[in-house]
Amino acid sequence: MKLHEYQAKEVFADAGIPVPESRLASSVEAVVEAVGEIGFPAAVKAQVHVGGRGKAGGIEIVTSEAEAREAAESILGMDLKGYTVERVLVEAGVDFVDELYVGVTMDRAAGEPVAMISTEGGVDIETVAEETPEAIAREQIDPAFGMHPYESRKVVYEAGVEQQFAGDVASILRTLFDLYEDSDASEIEVNPVMITSDDEVVAADAVMNIDDDALFRQPELAEMEEESFENDLERKASEYGFEGANYVRLSGDVGIIGNGAGLVMTTLDLVDYYGGTPANFLDIGGGAKAERVANALDMVFSDENVDSVVFNIFGGITRGDEVAKGINEALEQFDEIPKPVTVRLAGTRAEEGMEILNTDLVTVEKTLESAVQRAVADAAEVNE
Amino acid sequence: MKLHEYQAKEVFADAGIPVPESRLASSVEAVVEAVGEIGFPAAVKAQVHVGGRGKAGGIEIVTSEAEAREAAESILGMDLKGYTVERVLVEAGVDFVDELYVGVTMDRAAGEPVAMISTEGGVDIETVAEETPEAIAREQIDPAFGMHPYESRKVVYEAGVEQQFAGDVASILRTLFDLYEDSDASEIEVNPVMITSDDEVVAADAVMNIDDDALFRQPELAEMEEESFENDLERKASEYGFEGANYVRLSGDVGIIGNGAGLVMTTLDLVDYYGGTPANFLDIGGGAKAERVANALDMVFSDENVDSVVFNIFGGITRGDEVAKGINEALEQFDEIPKPVTVRLAGTRAEEGMEILNTDLVTVEKTLESAVQRAVADAAEVNE
Amino acid sequence: MSILVDDDTRVVVQGITGGEGNFHAEQMIEYGTNVVAGAVPGKGGQTTAGVPVYDTVEEAAIEENADASVIFVPPAFAGDAIFEALDAPLDLAVAITEGVPTQDMAKVNKRLSEVDTHLIGPNCPGIITPGESKLGILPGNIFSEGNVGLVSRSGTLTYQVVDSLTQRGIGQTTAVGIGGDPIIGTSFVDALELFEQDDETEAVVMCGEIGGEDEEEAAKFIGEHMDTPVAGFIAGRTAPPGKRMGHAGAIVSGSGTGTAESKIEALNDAGVPVGDTPEEVADNVESFL
Amino acid sequence: MSILVDDDTRVVVQGITGGEGNFHAEQMIEYGTNVVAGAVPGKGGQTTAGVPVYDTVEEAAIEENADASVIFVPPAFAGDAIFEALDAPLDLAVAITEGVPTQDMAKVNKRLSEVDTHLIGPNCPGIITPGESKLGILPGNIFSEGNVGLVSRSGTLTYQVVDSLTQRGIGQTTAVGIGGDPIIGTSFVDALELFEQDDETEAVVMCGEIGGEDEEEAAKFIGEHMDTPVAGFIAGRTAPPGKRMGHAGAIVSGSGTGTAESKIEALNDAGVPVGDTPEEVADNVESFL
């Protein structure tokens with residue numbers, strides 16, 4: 001789960017990390033009111049989960065009420081890489097002399113968190129990581145002990161942070177690391193941490209992603225999830241319990257449903273291999289019952305981009321007859337099937353499932369390859 | 001630093017451990033009022049740092065107001081193994097069917113905390129430890145990870161706690177362990193944890209000792225220290241900064257001051273070896289200046305049991321001339337020296353120190369052995 | 001021969017009194033797995049699926065000589081259950097549970113460096129030595145005895161490939177699902193090393209997916225240390241960066257690490273053919289034998 | 001010969017810009033110790049006591065080839081300073097600081113099991129190889145070169161004994177104060193083992209005190225593994241149970257473990273004479289030579 005910048009900054013401020021004064025606004029009038037309270041210069045920043053907001057026109061610096069109104073009108077409601085901007089953060093402008101990158105994430109290969117600081121802040125850190133990896137100081141942290149103070153100092157000095165600010169930056173890093181652990185974050189980064197012209201150290205942006213698998217023990221953060229949904233499909237996926245990225249919307253037109261992440265990914269890859277474009281990833285998981293299968297179909301039908309649907313089930317604990325029942329139930333509600341559905345069942349009770357399936361409503365294929373080919377062809381037909 | 005039972009129970013209750021209802025009282029009327037609120041039966045428990053309070057008459061169970069008054073009159077002001085009882089805890093009586101011992105302490109040899117449970121609760125656990133060590137289930141806890149839930153269950157089951165109460169007892173143990181870590185305790189024990197007749201699990205007594213060296217980061221517990229002093233000498237030692245057991249009062253008549261714990265202990269041992277009895281242990285530490293030396297003398301003079309004083313200084317960072325100056329300053333305040341003082345200086349600037357010392361006020365000895373013998377003889381003379 | 005589990009493996013099922021634990025304990029026993037005990041706090045003394053239940057794993061290990069466990073415990077308690085298995089100590093722990101918080105696994109990972117226990121998973125289907133023993137939720141009927149080892153980050157994808165092999169008459173020595181989480185116990189390299197040492201394993205199938213660098217490390221290991229031929233597959237070629245695909249570990253980072261291209265290239269460089277479809281993988285294995 | 005430190009030991013002083021750190025850095029240099037750097041966060045680039053100061057111990061280790069540190073850091077930060085020395089990594093860390101919270105030391109103790117660094121202390125006077133190198137606060141002038149090793153939990157008691165030895169013309173190979181805290185790095189056994197291996201050490205003095213079981217373990221080690229004769233001393237014979245005597249570690253528990261009697265008996269059983277007074281200890285050493 002990704003927190004919005006304004007949510008992450010609330011968390012940071014509560015933990016004692018200095019952040020600029022700010023207001024959340026979802027209307028032009030609210031933006032104007034906010035700059036009235038905060039003063040100028042101020043930044044108007046789109047609150048959507050999109051990287052590179054600035055370059056895409058999602059952030060504007062304003063120095064007057066007229067500019068603020070103009071910026072609000074242009075940003076609120078704009079489409080930013082496919083997401084509609086519904087909220088902006090209005091924030092006091094910071095007069096900075098230097099920018100740092102400070103972050104904590106999980107080093108998968110080591111199985112340990114890693115703390116990072118770079119004096120190349122304010123730019124895309126992934127570009128820095130690729131082009132000048134030596135510009136990022138890294139320190140792996142033993143998860144049993146947590147971050148020792150000396151480790152925070154080590155990474156600060158290794159990054160080459162000026163001595164005058166080393167203590168403040170180390171302190172921010174330690175607080176971020178504690179937040180990382182206490183909030184079950186998968187990633188926290190502040191890019192940039194700004195050194196202001198009056199020698200303050202301020203977190204000017206905030207990224208905080210929470211481990212979906214740990215939300216059960218993070219009730220306060222879980223409450224923020226509702227506000228973090230970007231559209232109705234994401235909200236519906238959560239309601240249906242396809243959370244934890246079991247539903248991922250993509251940009252193609254072949255809807256895909258299967259059981260098991262690897263098999264569903266493989267189905268996506270085969271759609272591509274046979275010339276189609278996947279509209280989504282939807283993993284119904286192991287042992288799904290009829291209702292979950294019906295919900296999955298509703299989920300995919302709700303995506304207006306979808307032109308055909310392929311079901312790919314290899315039953316282990318999932319039973320083919322249950323899946324078939326769910327498909328029938330879901331489709332029998334319609335007077336006319338909204339999009340053509342192809343089904344491939346294998347493994348546990350696949351034979352029984354194929355007998356149950358109403359072949360007036362779906363096409364049954366015996367192999368994975370033929371099922372995908374059929375769904376790709378169906379979608380192509382719609383687009384002709 | 002030892003917390004009183006009532007202090008420890010406050011801490012336990014705040015952490016969610018069930019304790020009986022109670023009131024602290026320092027007068028007979030307050031005890032009567034307390035039993036009026038709490039009801040009968042109730043326990044009236046002396047709040048002094050003495051083991052085996054019950055056997056010594058420091059705890060009484062009362063079933064009427066008259067008995068409460070009687071108990072209060074007998075316990076308040078009583079002398080319990082050398083300590084005057086100034087406060088009692090009035091506590092709701094618990095109708096129990098079983099008693100357990102639950103504790104956490106540091107296993108020095110392993111350098112790890114150890115959690116312990118025994119179904120032989122309610123009696124002196126050290127007797128159990130000596131006579132039937134197998135009756136205590138022990139589990140060492142890795143201090144980097146803290147206590148895993150399974151570890152609390154393991155020790156509960158190994159101790160043979162009935163399955164019905166295993167969950168509650170394990171939960172108390174985990175809370176105690178977290179308190180142990182969060183409070184920088186050196187020891188926490190509840191003896192007994194009572195299983196009540198209505199199947200509740202209650203902490204009926206509470207021992208909590210805090211690492212003196214960690215009090216600087218335990219401000220709330222440090223505040224409790226004032227109330228934990230048992231007499232004026234302990235209070236004075238704390239004011240003079242002889243904390244951390246650098247001043248320990250004993251029962252003899254030869255006052256002992258030195259630098260370094262091992263050397264002071266050795267001086268005590270030599271007093272004993274030469275037929276005297278040590279009145280105290282007082283370590284002025286390394287590098288003491290004149291004022292600290294003077295304070296140490298005042299400290300020892302304040303003990304009415306002391307009949308003579310021996311100073312034993314082996315200077316490393318401590319300078320003999322500084323010590324001599326402090327001794328002179330302290331003694332020059334008196335018209336008459338209250339108790340005879342013998343001084344032995346060795347090591348750094350010992351020669352200079354011996355020249356500075358006012359031999360009208362003190363006796364100077366060249367060796368440790370002769371100094372101790374002299375002080376023992378001085379004390380013996382007073383007692384003749 | 002086989003790796004990690006065989007006829008002699010004595011299994012305790014952690015969480016045996018839960019719905020999933022109970023069901024799969026029975027399935028394992030039916031398959032022939034030597035399930036000797038269950039372990040569930042507070043349920044000691046009961047009998048479930050025909051085996052005695054103990055309050056702690058340690059008791060099960062002592063009383064029933066269990067040397068391996070399969071963990072069916074809800075995510076909130078799974079980390080603790082793994083620690084308990086490591087501490088018992090057992091030789092092998094197989095964590096089926098999906099959704100274990102990553103930071104719990106980071107702590108488990110640290111402890112793994114201090115003990116000798118093999119951990120498989122979490123979020124995995126388990127391990128099976130066909131005809132001998134199955135620890136986990138794999139459908140036993142699709143497997144057959146033979147000479148191909150199989151290691152995979154995915155459950156149903158494994159079934160898909162195994163089904164193809166079995167239908168072609170190609171059996172398996174051992175198949176192990178190592179799990180789809182970012183931090184797991186047994187890695188590809190660990191499993192490949194065991195297969196390389198196993199005399200009966202004549203070829204290995206390795207099914208990777210996007211995310212992390214485990215496949216790249218495996219490729220390096222294969223190139224430098226393996227004589228046994230390996231056929232590869234990588235799922236997630238079409239996944240866009242920054243989107244997690246079901247598995248918590250299946251995500252291409254924004255900086256482009258963990259892509260299917262990188263993994264396929266590394267495997268190809270190590271002489272491993274990577275099939276475009278599961279059928280092609282089976283074709284490649286067939287060509288090795 | 002000597003143990004742990006000699007002419008070649010390259011020392012970084014952690015906390016060199018503080019009052020104590022600065023004073024003793026100068027004292028050590030005056031004694032001839034090869035002090036090569038200081039380490040104090042935020043003071044990198046300065047020069048103190050004639051040596052360069054670095055912000056981190058790691059930098060001092062890399063830039064000046066330091067392989068040992070002496071830690072003069074206030075108690076609240078001493079645990080962290082020790083971790084920093086272990087992680088640098090150095091071969092030896094000597095923690096002088098008194099009053100380090102015990103639970104900080106429990107964590108340090110865990111880390112010590114994972115690294116190769118020797119830790120001496122905390123709450124100790126340090127270590128000295130007379131005529132070569134001194135790491136800590138011991139008064140160098142009372143020591144002399146010779147063939148007796150000395151290990152002690154107490155500082156000034158060590159001086160008392162050393163002074164007696166030196167006055168009798170008996171010099172020392174190395175003297176090490178292991179510290180008076182409940183949890184310390186180098187134990188009696190560790191130090192005795194090193195002295196046993198040292199060719200020049202012909203006799204060892206061991207000054208123990210009440211509390212813990214380290215002396216009993218040392219007695220066992222001496223009885224089983226040492227040819228070099230050992231003369232013992234135990235302070236705290238008159239300390240009543242339950243009262244801590246200055247040193248955080250010097251306490252006889254209520255159950256009677258850690259008493260002077262138990263320690264003296266164990267040492268006597270191992271053939272170690274235990275003196276009643278420091279002079280008797282010197283007598284015993286003299287009788288060995």
Side-chain angles (χ1 to χ4, degrees), chain A residues 51 106 108-113 124-127 129-130 142-144 180-181 184-186 211-214 216-217 244-246 248-252 258-266 268-273 277-278 281 283 285-287 313-318 346-348 367-369, chain C residues 20 23-24 75-76 98-107 109-111 125 137-139 142 152-160 163 180 182-183 207 209-214 217 233 235-240 242-251 253-256 260 276-279:
Chain A
M106 185 62 74
R108 283 175 63 159
E112 288 185 335
D124 181 22
I125 196 65
E126 281 146 357
T127 310
E130 254 173 63
D142 185 327
Y180 175 85
E181 289 203 323
D184 271 304
S186 54
D211 180 0
D212 293 306
D213 290 337
F216 70 88
R217 62 186 178 198
N246 287 319
V248 181
R249 195 187 181 198
L250 301 165
S251 56
N259 66 326
L263 189 62
V264 180
M265 272 190 273
T266 300
L268 265 66
D269 294 348
L270 286 178
V271 165
D272 178 73
Y273 183 73
T277 55
F281 169 104
D283 176 7
I313 302 294
F314 201 113
I317 28 174
T318 308
T348 309
T367 72
L368 171 53
E369 289 78 4
Chain C
E20 251 199 285
F23 174 75
H24 288 291
E98 180 178 353
V100 183
T102 305
Q103 297 201 10
D104 291 0
M105 283 310 301
K107 294 195 174 74
N109 186 58
K110 159 82 175 171
R111 175 54 55 91
I137 61 174
L138 309 110
I142 61 170
S152 171
R153 268 165 77 182
S154 158
T156 46
L157 177 58
T158 309
Y159 312 160
Q160 174 80 34
D163 198 45
I183 302 181
C207 296
E209 61 191 36
I210 52 165
E213 293 163 32
D214 210 17
E217 281 172 30
F233 186 76
R237 300 169 182 223
T238 47
K243 297 275 189 188
R244 173 185 150 188
M245 295 284 145
H247 279 164
I251 181 166
S253 84
S255 60
D276 283 329
T277 69
E279 282 303 317

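Each chain gets a letter, A, B and so on, in the order the sequences are listed, and its residues count up from 1.
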Which region of [X], side chain (C-beta onward) or backbone (N, CA, C, O), has a non-hydrogen atom less than 4.5 Å from a non-hydrogen atom of chain A, or is it both or neither?
X	value
C:Lys110	side chain
C:Gln160	both
C:Glu217	side chain
C:Asp276	both
C:Arg153	side chain

For the candidates [options], which exhibits the highest count of non-hydrogen atom pairs separated by less than 4.5 Å from chain A?
options	value
C:Pro125, C:Gly180, C:Pro101, C:Ser154	C:Pro101
C:Pro75, C:Pro139, C:Ala106	C:Ala106
C:Ala260, C:Gly249, C:Ala239	C:Gly249

Notebook entry, point to check: Quick one: what part of A:Ala109 sits under 4.5 Å from any heavy atom of chain C, side chain, backbone, both or neither?
Noted result: side chain
Next item on the list: Select one option (side chain, backbone, both, neither) describing which atoms of A:Leu268 are under 4.5 Å from chain C's heavy atoms.
Entry: both
Under 3.5 Å: donor-acceptor pair, side chain of [X], backbone of [Y]:
X	Y	result
C:Arg244	C:Gly246	yes
C:Glu98	A:Gly286	no
A:Asp269	C:Thr238	yes
C:Gln103	A:Ala185	yes
A:Arg108	C:Asp214	no

Item checked: Residues which pass side chain to side chain donor-acceptor pair (under 3.5 Å) with A:Arg249, listed by chain and number, not counting sequence neighbours -> A:Asp303
Checklist line | Partners meeting side chain to side chain donor-acceptor pair (under 3.5 Å) with A:Thr277 (sequence neighbours left out) | finding: A:Asp253
Do you know which of [options] has the most heavy-atom pairs under 4.5 Å to chain C?
options	answer
A:Gly252, A:Gly316, A:Gly347, A:Gly287	A:Gly316
A:Val264, A:Leu368, A:Thr367	A:Leu368
A:Met106, A:Glu181, A:Arg217	A:Arg217

Next item on the list: Report yes if the side chains of C:Ser152 and C:Phe233 come closer than 4.5 Å at any heavy-atom pair, otherwise no.
Entry: no
Note to self: With heavy-atom distances below 4.5 Å as the criterion, would you say the side chains of C:Thr102 and C:Ile183 are in contact?
What the structure shows: yes
